[in-house]
Amino acid sequence: MTQAPHTTRSVLHVRNLGLHLAPDFAVVIEAIDLAPGERLVMDAESGAGKSTALGLISGALAHDGLHGCMHQICGIDVDHDAPRALYARPDALGFVLQTNTLVPYLNARENIRLPMRIAGLIEDSAWEKHLIELLGLGSLLARAPSALSVGQRQRVSVARALLGRPAVLLLDEPVASLDPGNVSQVEALISHLSEEAGSGVLLASHQAQTGHFADARRLAHRVIKHHDITYSLFSDAAAIQAETG
Amino acid sequence: MGRRSDILSVTLAIRELRYDWQSSFCFIAALVGVLAPLLILLALKNGVIGAMVDGLVENPANREVIPMGTAFYEQSFLADMAARPEVGFVIAAPRRINAAASALRNPVSRELERAVPLIPSAPGDPLLPDAQIVEGRVWLSNSLASDLNLDSGDMIEMLVGREIDGARETARAQFEVAGVAAHENYERQAMFMSLPDLLDVEVFRDDRAVTIEQYSSSRPNPERFASFRMYARDLADLPALLAALESAGVQARPRSENASLLLAFRDNLNFLYAAIAIIAVAGFWAAMAANLRGMVERQRAILSLLRLLGLPAGAVVRIPLLQGAVLVTTGVFVTLLIVLPSLFMINAFFTSPSGETVAKLGFFDVVGAIVLGLLTSASAATWSMVAVHNIKSDEVLRNG
């Protein structure tokens, strides 16, 4: 596993990370540099491959190994075939899934602590208490996921992703399944808590034009066709600018 | 990481089984449904069925070879036969007509039985296991002892009659009753005695020069005998023994024409049980493999999430293996909870004709069931483990 150049302060460094989802369709992240505490939004239209891009960034999806591909989290090269513990520990990467998936046979507290248990890390009890309090989960900790509402499950997912104070927090449409009345509240909590955690945030959302992420930097998105293949390209203008000087 | 993820695998496997308790219950019920009847069948086979079949197969009478026709058998021939591996027991015998007492009498109560067969015997006689037959000491068949009201340690009087020139002469001899043969080994009246004692009877009947006073004089054994008693070492040795006799020019037949049928029956019974067990285990294996595979399919998103959260592939793959082991262990335990009291009830309410325990389950039968169950579960879990191994961390992103 090669170390990232020490010249970069990025907690997430991506170049030419791509995947063919179909013979005629590929998703490519041309460039991302995410600094600690920085926020970046992917607000491309539905079907552009935002979730695929997050899957690639998280290391869960295997990339195609495009020319010039580089992918580091906290300066550690991400290798899809290597154990995730090497690059995706809960203090390096937190991921809030669009699906709100929780382990159904663990209660809310056990779900929140699961990534830390897997990694063998001890949770910061003050931070855990703070998270739980702010997310309004105090009375729900002993409940099974089946006894939680969609919004409550989403808040448990947020707590699970943030408990390790991850350097990078990936959010995949975190409020998409919430009723409009809760969207603003949950967004505010995510924004506040990720700031407290010092996490660099990459948010994939089609609802981020307004609200707490409205003023965050955007990933540019464009679609090009080349040799009958449609490429959905995401790029961070600032990263490219920094690179080209 | 290894030990921690091992503990986590166990925890997650058990928690999932508890959560999906209805599936677990069905799974255990299926195992109990297969294993309990199988163990009860095994217990019955070990108990009354096996005892009955073994009783038939082991009955020494079924191993007896009876010489046919009129012939004389040299001492050396009998010695050669005794040395053969197929021969369990052989002893010379007098002519059948001489091998009977005119009467046997209880000298105390004067009870008397006429024309009682006399059977030559010696240590190793399969009809009298553990008996030490020596001159002057006899064993009685159970029915004779009962008719004469005699038991071990009593004396018995034998009357041997002959007729010379129209005059009847009767010699008398007394023996100590050394024991009583088991009823199942010999059901009719008979007295088992040493060959020299029996030859005295033959000599007195055949040789008019021997007077009553000379009845029991010691004399050398003859070189040739009119008959013999012979038993194969085992029922399976009977065909080889008959062939050996035939090649020696001796006409003989087995006492039991059904001996080979009996042997085949016992073998078939074992085969039948093995076939039932194999079919049942194969059915259970298929049901278990399908159940575990179904559980994996229902848990795809969660298993993918565990991978995404960093649980190593090996730890995730172990989950169905552990679940199979837990389910089988629980299933075997529940089966024993049902089967052992059932066997106790069967044994309490039913008795076999021979007094054998009706249903018997040994320690090794139970251990065997557990080991077989675990091996079955481990092999049945292989399919699921392969399936889990193919579940990647990205599935939960799409299908969670």
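Naming: A, B, ... by sequence-line order, numbering from 1 per chain. Note that these values count all heavy atoms, side chains included, but never hydrogens, waters or copies made by symmetry.
Of the residues considered (D172(A), L93(A), L97(A)), L97(A) shows the highest number of contacts with chain B, using heavy-atom pairs under 4.5 Å. By number of non-hydrogen pairs under 4.5 angstrom with chain B, the leading residue of S146(A), A62(A), P104(A) is P104(A). Between chain A and the residues T11(B), L306(B), L12(B), the largest count of heavy-atom pairs under 4.5 Å involves L12(B).
Note that the CZ atom of R117(A) and the CG atom of L309(B) stand 12.5 Å from one another [nearest 0.5 Å]. Within the model, atoms CG of D394(B) and NE2 of H80(A) stand 6.5 Å from one another, a figure rounded to the nearest 0.5 Å. In this structure, E16(B) CD and L106(A) CG are separated by 10.5 Å, a value rounded to the nearest 0.5 Å. Distance CG/L397(B) to CG/L54(A): 8.5 Å, rounded to 0.5 Å. Taken from CG in N107(A) to CZ in R15(B), the straight-line distance is 6.5 Å, to the nearest 0.5 Å.
Between S5(B) and I118(A), the closest side-chain pair of non-hydrogen atoms is not below 4.5 Å. D20(B) is not listed as a side-chain neighbour of Y105(A), based on a closest heavy-atom distance of 4.5 Å or more.
Residues forming a ring pair (Phe, Tyr, Trp, His ring centres under 6.0 Å) with W127(A) (at least two apart in sequence, or on another chain): H130(A).
Both the backbone and the side chain of L61(A) come within contact range of chain B, judged by heavy atoms closer than 4.5 Å.
Taking all atoms of both residues into account, the shortest heavy-atom contact from L305(B) to R160(A) is CD2-NH1, 3.6 Å. Taking every heavy atom of both residues into account, R307(B) and R84(A) meet most closely at O-CD, 3.1 Å. Across every non-hydrogen atom of L308(B) and S58(A), the tightest pair is CD1-OG, 4.4 Å.
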